[in-house]
Amino acid sequence: MSDKAVAELLRSDLPLVTVEAAAGCGKTHQGAQFATDAASHLGVGRVLILTHTHAARSVFAQRTQTVSGSVAIRTIDSFLTEIASIYHRAIDLPADVGAWARANNQYDEVASRCRHLLEGSSLVAEAAAQRYPVILCDEHQDASADQHRAVMAVHKAGARLRVFGDPMQVIFGNNDTGVRATLGRWEDLKCSGASEKLLTPHRWSGSSELGAWILAARQALKDGGTVDLTGRLPKGLSVYFAENSAQIPHRSFSMTSAHRRPIDELRRRGGQLLVLTESNDRVGHLNAFFDRSMRIWEGHRRENLARLIACIRQSAGDVDAIVDGFLAFVAATAKGFTPSAHGNRLRTEVKERCSKVTRGVMPAHLQAVARLLIAEPDHCGVARALAYLVDVVERGETGFGEVELDLKSEIRDAIRLGQFPSVDAGFAEITRRRTFSHPQPPRRCLSTIHKSKGLECDNALILLCDRAAFSNTLYKRRLFYVGMSRAKKELALVLSRDDPSPLLKF
């Protein structure tokens, strides 16, 4: 269907319209234009736009700013938390549902209880529908079953619903069972109202050959076929062959100089470059492979910080447990700070309460870190200890020359915790600031495909495209498609001959 026809369908009086579109085919543009028009004609209430990321929330805010007073833009988690807060007694939650969910990572539980509330109480669902008579769901394929049913309950209570999504971008279930469940909900949704597709690859307006090829590859993956790399490749697509020659491939990454040469040439070119791989472990391996010359894009979530905060919340005052949490966080966000060289000595200093005189630069610094944790076995002590460690590493002090700070944003956020009266207050404020600052990835960076979802870049490099990374499953087919659809101008794939992906024909 043409863009114009989809726009007209969205603006119809139909209660439910579902729009399926591949990456780069104008979902956000159509959604923002519809929301602006709908808000301009609303008599009562506001248009509600539900996203799954703060980055998407920011984009919609920019594109609907002319009617900002008549549009509410929420992540679906924050929308359901808002409802749960109003009716917290009825669903047996504390008054500050947001703080509870954030502290305990219980957004799924909030969604479940809120869904039951909306489905079981017509008055609550009708109140939400009156407040938001028009609801637009962005990237709805990422909604959980409870989130989906909660939105549908408000729709059934009277809200007009417009849903955008792409079933080929279902990558957060991490297995075929989750993918199948999501696909089933998507098909049911399309059968419940009007449904159309957006087909124009706007993202590749300057690279039409690449755009057409990516859409054809998407269809092949969706149909259970293979991506054809035989014959003439489209302008903008490059294919290289290489193998991971590391002695223990699942623990590191290496290549022969001949295999590595064209990849290094790609990396040395100017301009924007996003290097993508399938897992956090492989990101760490490639970070070392590229001699840490590329920043790691950590995405908008802070998993390691959340684990550190959970440890502090549970064990504040217990310095032995706090040092364990501290070392786990450093191990996850930096390289070279090893148990044998650093961690065991730090634990010993804490256990002995720094009672012995140290000799040598490195032991003295580790004792200083231990003193900070002993003095304040809470978020303040952890923040000060991290700040001290960062300073020592950046100055290249003896014994710390091999330490590399990889996830700098998470480390920086952990240090900021010390500015707040409690760990929960710090986490809430750091989360709020990230929500509104919407950081963007560096021009040249390394990341997982999961964390790149929603991004676009001029040039993308995916490695290694082997069977381990991209096997023949519903989930891995979608993961590969999401990765290759990030590139606007040039896409480079590094393939394996020894262990080829069954998704590729070459």
Side-chain angles (χ1 to χ4, degrees), residues 3-19 21 26-87 97-98 110-111 114 117-118 122-140 142-143 147-148 150-165 189 193-194 196 198 202 432-438 454:
D3 288 1
K4 182 179 178 181
V6 169
E8 291 174 351
L9 181 61
L10 289 169
R11 288 157 180 78
S12 70
D13 292 330
L14 293 171
L16 172 61
V17 174
T18 301
V19 177
K27 290 190 297 292
T28 303
H29 173 77
Q30 286 273 7
Q33 287 294 317
F34 164 74
T36 300
D37 291 349
S40 301
H41 295 92
L42 267 186
V44 180
R46 304 170 76 189
V47 173
L48 174 63
I49 300 175
L50 294 176
T51 71
H52 287 271
T53 66
H54 294 300
R57 185 173 176 269
S58 176
V59 171
F60 275 105
Q62 293 169 3
R63 297 191 183 189
T64 60
Q65 57 186 342
T66 58
V67 290
S68 57
S70 299
V71 175
I73 308 171
R74 305 274 191 276
T75 64
I76 195 163
D77 279 335
S78 66
F79 169 61
L80 296 180
T81 299
E82 177 185 328
I83 294 176
S85 297
I86 297 171
Y87 302 98
V97 176
V110 171
C114 199
L117 174 69
L118 289 165
S122 58
L123 290 177
V124 175
E126 287 168 6
Q130 288 171 9
R131 186 173 186 180
Y132 302 117
V134 178
I135 299 177
L136 185 153
C137 295
D138 177 55
E139 300 287 3
H140 196 63
D142 293 336
Q147 289 172 336
H148 170 72
V151 171
M152 293 305 293
V154 180
H155 163 60
K156 290 175 182 176
R160 270 197 302 155
L161 186 59
R162 300 295 182 261
V163 180
F164 291 81
L189 188 62
E196 281 299 346
L198 288 169
H202 296 286
R432 188 192 69 80
R433 290 179 185 178
R434 271 207 318 273
T435 297
F436 291 100
S437 63
H438 308 298

If you look at every heavy atom in [X] and [Y], which pair is closest and at what distance?
| X | Y | answer |
| --- | --- | --- |
| Pro133 | Leu42 | CG-CD2, 3.8 Å |
| Leu80 | Cys114 | O-SG, 3.6 Å |
| Tyr132 | Ala72 | CE2-CB, 3.8 Å |
| Arg46 | Val71 | NH2-O, 2.9 Å |
| His148 | Ala143 | N-CB, 4.3 Å |
| Leu10 | Phe34 | O-CE1, 3.1 Å |

Under 3.5 Å, is there a donor on one side chain and an acceptor on the other for Asp3 and His202? yes
pair [X]-[Y]: side-chain heavy atoms closer than 4.5 Å:
| X | Y | answer |
| --- | --- | --- |
| Met152 | Leu189 | yes |
| Val59 | Thr51 | no |
| Gln33 | Arg11 | yes |

To the closest 0.5 Å, what do you measure between [atom1] ([X]) and [atom2] ([Y])?
| X | Y | atom1 | atom2 | value |
| --- | --- | --- | --- | --- |
| Arg131 | Glu82 | CZ | CD | 5.0 Å |
| Gln30 | Leu9 | CD | CG | 10.0 Å |
| Leu117 | Ile83 | CG | CD1 | 7.5 Å |
| Ile73 | Gln62 | CD1 | CD | 9.5 Å |
| Ile76 | His52 | CD1 | NE2 | 5.0 Å |

Take Arg63 and Thr36 through the test side chain to side chain contact (heavy atoms under 4.5 Å, CB included) and record every step on the way to the result. CA-CA 8 Å; Arg63 297 191 183 189; Thr36 300; over 6 Å; no
Taking only residues two or more places apart in sequence, or in another chain, which ones meet Ser78 in a side chain to side chain donor-acceptor pair (under 3.5 Å)? Thr75
Residues at least two apart in sequence or cross-chain that pass side chain to side chain donor-acceptor pair (under 3.5 Å) with His155, listed by chain then number, are none
Step-by-step side chain to side chain contact (heavy atoms under 4.5 Å, CB included) determination, Val44 to Gln130: CA-CA 8 Å; Val44 180; Gln130 288 171 9; over 6 Å; no
Derivation of the side chain to side chain contact (heavy atoms under 4.5 Å, CB included) call for Leu198 and Val19: CA-CA 7 Å; Leu198 288 169; Val19 177; 3.8 Å; yes
